[in-house]
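Notes for the one structure printed next.
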2 protein chains.
Amino acid sequence: MTDKKLHIINHAVELFAEKGFEGTSIRDLAARAGVNVAMVNYYFGSKEKLFESLVEERASYSRGVLDEIANNASYSDIEKIEHIIDAYINKLFTNRKFHRVLHQEMMLSQRETLAQAIVEILYPNSLIIKGVIEAGIKKGVFRKCDPPLVIASIVGTINQVLLSKRMCIKLLDKEADYVPYDDPSFAIRLSDHLKQLMHAHLLTKS
Amino acid sequence: MTDKKLHIINHAVELFAEKGFEGTSIRDLAARAGVNVAMVNYYFGSKEKLFESLVEERASYSRGVLDEIANNASYSDIEKIEHIIDAYINKLFTNRKFHRVLHQEMMLSQRETLAQAIVEILYPNSLIIKGVIEAGIKKGVFRKCDPPLVIASIVGTINQVLLSKRMCIKLLDKEADYVPYDDPSFAIRLSDHLKQLMHAHLLTKS
DNA sequence: TTAAATTAATTAAACGCTTGTTTAATATTA
DNA sequence: TAATATTAAACAAGCGTTTAATTAATTTAA
């Protein structure tokens with residue numbers, strides 16, 4: 001991927017996150033990126049292919065970290081969950097604009113194949129968490145719970161505060177100019193909450 | 001609100017949920033609703049005002065039920081939480097297309113005043129839940145937790161399985177033609193999960 | 001090393017099409 | 001008869017995309 005293509009993609013992520021795919025015009029994007037309107041089609045072929053390139057280029061942001069945690073034998077099962085929570089929060093906060101774009105697209109029923117591709121990007125993360133939970137249940141360390149819905153709770157909680165800044169601020173009772181995603185203490189607060197939630201829900205009383 | 005306006009709004013909700021606001025053209029909508037393209041502007045003035053009318057008309061779907069539960073003296077605090085979970089699942093499942101439209105709009109940074117209005121629609125629900133949780137903490141019935149994030153977990157879990165059918169199916173490991181929202185047993189499963197989650201998280205060990 | 005030849009990058013302008021909206025004529029209802 | 005509802009057609013503006021001309025960069029050859 002050339003520098004120029006990356007430059008366009010980086011601005012595209014921002015605009016798509018703000019206005020959505022249909023809501024962003026190529027002229028908007030070209031202006032924001034400081035390039036001629038024709039450059040998008042010159043480099044990517046079409047607006048839709050630009051979007052696909054964007055997803056492809058950024059998709060790799062997810063690999064590796066969760067896997068390492070899940071396979072680290074020195075961690076107990078609950079420690080794995082805790083580290084996964086931290087890694088996931090960190091990952092989503094860092095890539096929150098791209099994450100927003102993925103969710104917008106996943107919610108819609110247009111461009112079916114692309115929506116399917118996005119699910120395939122996000123699903124492996126769920127699968128890793130699922131594996132850890134099921135292993136814990138099997139050993140009797142975790143209570144008998146509903147692994148897919150436990151994942152929904154972890155991911156859903158993060159998404160709930162990540163996807164709508166406005167709602168997040170209102171919920172936390174903060175002033176309008178507060179940016180929760182720039183505040184490290186908020187990430188810690190979220191992490192603490194999720195860890196306590198999972199401790200209480202997963203661990204068998206002993 | 002006349003029958004004709006409601007007829008148009010009902011079809012608009014469906015299309016907006018599928019394709020988003022920008023992705024839906026008035027010609028699409030007119031065709032789906034079986035009316036002339038000019039009727040939308042005749043009745044609503046503009047596409048954007050149609051959207052506002054839609055939000056206004058459907059916004060009332062949320063009032064009342066949660067309030068009644070929160071104020072019902074015959075319920076214990078944890079019972080209130082349980083009933084709120086059921087009421088909320090029922091409400092969101094029943095109005096899931098409208099709920100999807102709200103979330104799409106809330107994620108974007110266009111039409112700021114409308115996005116703000118949507119937050120004001122959804123926030124009262126959170127406020128009611130918050131009140132119940134804080135009351136429970138004060139009495140010592142509930143553990144000291146983080147009420148705003150507890151709400152994020154409840155609402156976020158439901159949204160996670162509600163807003164992307166594709167992801168939900170993948171997570172549950174179901175076949176592609178499965179429609180979780182038409183399956184009463186799934187609503188029960190989700191309810192059970194959330195109740196167990198909140199039991200474990202909120203209740204003090206005694 | 002320099003000049004020509006070739007390829008790549010960039011531009012402003014235009015293309016055809018779709019968009020939301022309006023108009024002016026017609027049909028329906030009160 | 002007067003107000004309301006409905007229609008097909010047209011409107012200007014914006015859309016994604018293409019074109020053809022120009023500039024910049026790179027390669028080739030002497």
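Labels below follow one simple rule: chain letters A, B, ... track the order of the sequence lines, proteins then strands, and each chain is numbered from 1.
Using a 4.0 Å cut-off between charged nitrogen and carboxylate oxygen, A:Glu22 and A:Arg111 count as a salt-bridge pair. Between B:Glu120 and A:Lys170 a salt bridge is recorded (basic side-chain N to carboxylate O distance below 4.0 Å). A salt bridge links A:Lys195 to A:Asp86: one of the charged nitrogens lies within less than 4.0 Å of a carboxylate oxygen.
Of the listed nucleotides (C:dA12, D:dT7, C:dT10), C:dA12 has the atom at the smallest distance from the side chain of A:Ala38. Closest to the side chain of A:Val37, from the set C:dA9, C:dG20, C:dA13, is C:dA13. Taking every side-chain heavy atom of B:Met39 into account, D:dA5 is the closest of C:dT22, C:dT11, D:dA5.
One can place CZ of B:Phe44 at 13 Å from P of C:dT21, the figure rounded to the nearest angstrom. Atom pair B:Lys5:NZ and D:dT6:C1' shows a separation of 17 Å (rounding to whole Å applied). Separating the OH atom of A:Tyr43 from the C1' atom of D:dT18 is a distance of 17 Å, rounded to the nearest angstrom. The distance from atom CG of A:Asp3 to atom P of C:dA9 is 12 Å, rounded to the nearest whole Å. The distance from atom CZ of B:Arg111 to atom C1' of C:dG20 is 13 Å, rounded to the nearest whole Å. A straight line from CG of B:Asp28 to C1' of C:dC17 spans 15 Å, rounded to a whole angstrom. Atom C1' of nucleotide C:dT19 and atom CG of B:Leu15 are separated by 15 Å, given to the nearest angstrom.
Between A:Phe16 and A:Phe51, the two ring planes are tilted [angle within 30° to 60°].
OP1 and OP2 of C:dT22 both lie 4.0 Å or more from every side-chain N or O belonging to B:Tyr42. Side-chain N/O atoms of A:Lys4 include none lying less than 4.0 angstrom from OP1 or OP2 on C:dA8. Between B:Asn36 and D:dA8 there is a side-chain N or O to OP1 or OP2 distance below 4.0 Å. Checking the phosphate oxygens (OP1, OP2) of C:dT21, a side-chain nitrogen or oxygen of B:Asn41 falls inside 4.0 Å.
Near-neighbour residues of DNA chain C inside residues 19-27 of chain B, defined by a heavy atom below 4.0 Å, number-ordered: B:Thr24, B:Ser25, B:Ile26, B:Arg27.
Summarising the local packing, CG of B:Asp182 is surrounded by more than 12 heavy atoms from other residues, nucleotides or ligands at distances under 6.0 Å.
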As a quick check of understanding, evaluate side-chain hydrogen bond (donor to acceptor under 3.5 Å, both in side chains) for A:His193 and B:Ser153, giving each step before the final call.
CA-CA 9 Å; A:His193 163 72; B:Ser153 286; 2.8 Å; yes
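Remark: the backbone N or O of A:Ala200 is paired with a side-chain donor or acceptor of A:Arg143 at under 3.5 angstrom.
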